[in-house]
Amino acid sequence: MKKVKDENKILIMLAFFSISVGLWGNFRQLWLQDNNFTVTQIGNIISVGTFFSIIGIALIGRYITLNKLKKSLTFILIIKFINLLVLYYLNGTTHTEAIKLSITVDIIMEYIMITSIYPLIITIVKSNSIYSKRKLTEYLFRDIGILFGGIFIGKSIAGILVDYNVCLIISNIFLIISIITILNIKINYVEEKTQAKKLIFKNILKDKIIILYLLDVLIGKIAMSTGLGLKMLMLTNHFKFSDSIATNYLLIIGLIADVIGILALKYLTPKNDYLTITIKFGIRFIGYIIAFISNNLIITLIAMTWSILISTSYENICDGVYINRVKNNYQLSFANIRYIVRFLGEAIGVFFCGIMYEIGLKYIFGLSAIFMIFQIGLAYYLIYLREKEND
């Protein structure tokens with residue numbers, strides 16, 4: 001029997017972890033709502049969890065070396081497993097502070113794992129193809145987890161009604177398999193002596209375009225999360241979708257978005273970068289403005305759908321061109337900085353989404369559109385700087 005390579009074992013571990021994340025993460029907001037948390041409280045909890053994830057990622061990047069990364073991630077998976085068990089037993093209780101703490105821990109562990117997978121892989125092998133496999137594995141199996149939830153939620157299997165708490169425990173079963181897999185991975189890596197972290201950051205952040213790009217990432221993520229940070233709650237409460245229909249809607253739209261992203265990269269990318277940014281963000285901005293002014297549910301759903309459909313398109317212009325400016329030996333540190341900036345934007349955006357939700361659905365998209373004005377302006381200015389640099 002052919003031995004499975006260790007890098008493929010990591011991908012297998014990621015596959016089971018992603019199924020777990022897709023199955024539970026998709027219903028986490030609704031689970032909290034079932035436990036009598038308001039939408040604003042849910043937004044605050046997710047925002048706080050995301051913010052503390054930033055601290056966790058920074059600490060991992062600062063203090064955990066690559067040769068110790070496997071042990072650290074194994075420990076994180078075990079904490080997440082135990083914490084999900086705690087959440088399972090907290091369901092339906094009045095221990096609100098314990099639930100808040102456990103949800104926060106769950107988000108922190110999830111985000112640290114997601115950001116640390118590729119650094120773990122490069123302790124064995126480093127290549128463009130393995131990076132692509134890592135991204136594909138995460139997205140594909142997360143969608144499989146969402147699909148499982150959409151199919152079985154509300155169904156009765158062997159006399160057991162599949163509710164959010166049952167999905168939580170099934171998610172934990174996939175997490176156990178992920179833990180078993182990582183325990184069977186052998187890492188024989190001796191870390192080379194590298195430059196001090198401060199010097200690395202100084203080299204990365206001395207580029208004005210990179211600094212402005214990171215600011216654009218921050219504002220863009222705030223805009224996106226303000227509009228769609230609590231989309232499951234919006235779909236079930238405002239649009240009256242069942243949890244199953246909402247799940248299948250997001251799954252189908254997400255898969256179509258992936259296809260559009262591939263087609264846009266190969267066939268649909270305009271030669272003019274200003275036009276590319278206008279297609280990706282300008283149409284979204286117009287849709288959100290119309291949704292705000294009209295306060296019409298159908299128009300709002302169309303605006304949401306377009307926003308999701310275009311989300312993975314034109315990444316070569318929006319991100320790739322800036323990421324590739326960074327030298328290879330700084331790429332890991334830069335990836336860490338990008339994740340921190342993105343998660344900070346997500347934390348802020350979800351917080352705003354929760355506040356606007358209580359005021360009215362249209363205000364979610366109105367506030368998101370305001371942030372998008374600055375995002376689009378920065379994106380245009382970055383293109384101008386790049387073109388000026390090449391003159």
Side-chain angles (χ1 to χ4, degrees), residues 7 10-11 13-14 17-18 21 49-77 79-80 107-128 130-135 137-139 182 187 189 191-222 224-225 315 318-349:
E7 60 266 31
I10 296 176
L11 293 177
M13 180 272 292
L14 174 61
F17 177 78
S18 298
V21 167
T50 306
F51 177 77
F52 278 107
S53 299
I54 297 167
I55 299 174
I57 293 166
L59 291 174
I60 288 284
R62 177 68 180 84
Y63 295 107
I64 304 300
T65 56
L66 287 176
N67 53 351
K68 295 180 180 178
L69 189 56
K70 180 206 162 182
K71 288 182 180 179
S72 301
L73 295 187
T74 303
F75 182 63
I76 285 168
L77 283 173
I79 291 176
K80 182 171 172 62
I107 294 171
I108 293 170
M109 298 302 107
E110 177 183 317
Y111 282 7
I112 289 176
M113 278 299 301
I114 289 171
T115 57
S116 302
I117 292 295
Y118 190 64
L120 180 64
I121 292 175
I122 69 165
T123 59
I124 301 170
V125 62
K126 181 182 179 182
S127 70
N128 290 336
I130 196 71
Y131 180 79
S132 297
K133 287 179 183 178
R134 174 254 178 274
K135 298 295 288 185
T137 300
E138 179 190 343
Y139 295 151
I182 198 172
I187 305 292
Y189 180 79
E191 190 160 15
E192 297 176 7
K193 190 174 181 179
T194 58
Q195 293 175 297
K197 297 286 183 181
K198 289 183 180 178
L199 186 58
I200 291 173
F201 291 157
K202 183 179 178 181
N203 277 281
I204 293 171
L205 300 179
K206 68 181 180 182
D207 187 335
K208 177 184 177 181
I209 289 180
I210 289 297
I211 293 174
L212 289 175
Y213 162 68
L214 290 173
L215 180 60
D216 192 52
V217 169
L218 175 66
I219 297 174
K221 198 62 182 176
I222 293 173
M224 187 71 172
S225 296
E315 296 300 306
C318 298
D319 290 305
V321 67
Y322 302 107
I323 293 170
N324 289 333
R325 288 178 67 91
V326 178
K327 294 180 181 179
N328 287 345
N329 51 328
Y330 300 146
Q331 278 289 346
L332 284 177
S333 295
F334 182 60
N336 211 26
I337 294 171
R338 280 184 67 244
Y339 272 118
I340 289 172
V341 170
R342 286 186 62 194
F343 290 152
L344 177 60
E346 184 176 333
I348 295 170

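In this text the structure is predicted, and so the values were computed from the model without any measurement. The first residue in the sequence is number 1, and the count goes up from there.
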If every non-hydrogen atom of [X] is compared with every non-hydrogen atom of [Y], which pair is closest and at what distance?
X      : Y      : value
Phe343 : Thr115 : CE1-CG2, 3.6 Å
Ile57  : Tyr111 : CD1-O, 4.3 Å
Ile60  : Ser116 : CG2-OG, 4.2 Å

Could you grab the distance from atom [atom1] of [X] to atom [atom2] of [Y], nearest 0.5 Å is fine?
X      : Y      : atom1 : atom2 : value
Ile340 : Phe51  : CD1   : CZ    : 11.0 Å
Ile114 : Glu138 : CD1   : CD    : 5.0 Å
Ile211 : Asp216 : CD1   : CG    : 14.0 Å
Ile187 : Glu7   : CD1   : CD    : 9.5 Å
Ile76  : Leu69  : CD1   : CG    : 8.0 Å
Asp207 : Phe334 : CG    : CZ    : 9.0 Å

Sub-4.5 Å side-chain heavy-atom contact between [X] and [Y]:
X      : Y      : value
Ile348 : Thr50  : no
Arg338 : Asp319 : yes
Ile182 : Phe17  : no
Tyr213 : Arg325 : no

Q: Flag yes if more than 12 heavy atoms outside Tyr322 fall under 6.0 Å of its OH atom; otherwise flag no.
A: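 It does: Tyr322 OH has more than 12 such atoms within range.
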Q: Check side-chain contact (heavy atoms from CB on, under 4.5 Å) between Lys221 and all other residues, then give those that pass, not counting sequence neighbours.
A: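 Listed in chain order: Ser225, Arg342, Glu346.
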Q: From the options Leu344, Val341, Leu212, select the one residue that forms a side chain to side chain contact (heavy atoms under 4.5 Å, CB included) with Val217.
A: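 Option passing the side chain to side chain contact (heavy atoms under 4.5 Å, CB included) with Val217: Val341.
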